[in-house]
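Shown next, in structure tokens, is the structure this report addresses.
Values below: all heavy atoms of this structure, side chains included; hydrogens, waters and symmetry mates excluded.
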Amino acid sequence: MHHIQTTGNSRRDSLDSFGSPTESEIIGLWKTFRSAGLSERQAWDAIMAGLALDMAFSDGRARPRREQ
């Protein structure tokens, strides 16, 4: 989905540059999970859990709300 930069100023700077995942990135990740053997539902639940954790552990900046 996103790539963490290993070079640059700091880990915080690279995380700040992530932005929101695009629809095509989410679909690509879902297809990857499916090809690894997860069911359609398991793949979707894994993506939603990842997005929820990202929002829960963000550094407090306002982020757009996502609806399922």
Side chain to side chain donor-acceptor pair (under 3.5 Å) involving Ser24 - partner list, sequence neighbours excluded |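 Counting only residues at least two positions away or on another chain, Ser24 forms a side chain to side chain donor-acceptor pair (under 3.5 Å) with Thr22.
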Can you see which heavy atom on Ser20 is nearest to which on Glu25, and at what distance?
->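 Here Ser20 and Glu25 meet closest at O-OE1, 4.3 Å.
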So, for Glu40 and Arg34, which heavy atoms are closest and what is the spacing to 0.1 Å?
->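 Residues Glu40 and Arg34, closest heavy atoms: N-NH1, 3.3 Å.
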Answer yes or no: is there a side-chain heavy-atom contact under 4.5 Å between Trp44 and Ile26?
-> yes
Close side-chain approach of Pro21 and Ile47, heavy atoms under 4.5 Å | no
Please confirm whether the backbone N or O of Asp45 pairs with a side-chain atom of Arg41, one donor and one acceptor, at under 3.5 Å?
-> no
By side chain to side chain contact (heavy atoms under 4.5 Å, CB included) - contacts of Glu23 (at least two apart) = Ile27
Roughly how far, to the nearest 0.5 Å, is the CH2 atom of Trp30 from the OG atom of Ser35?
-> 10.5 Å
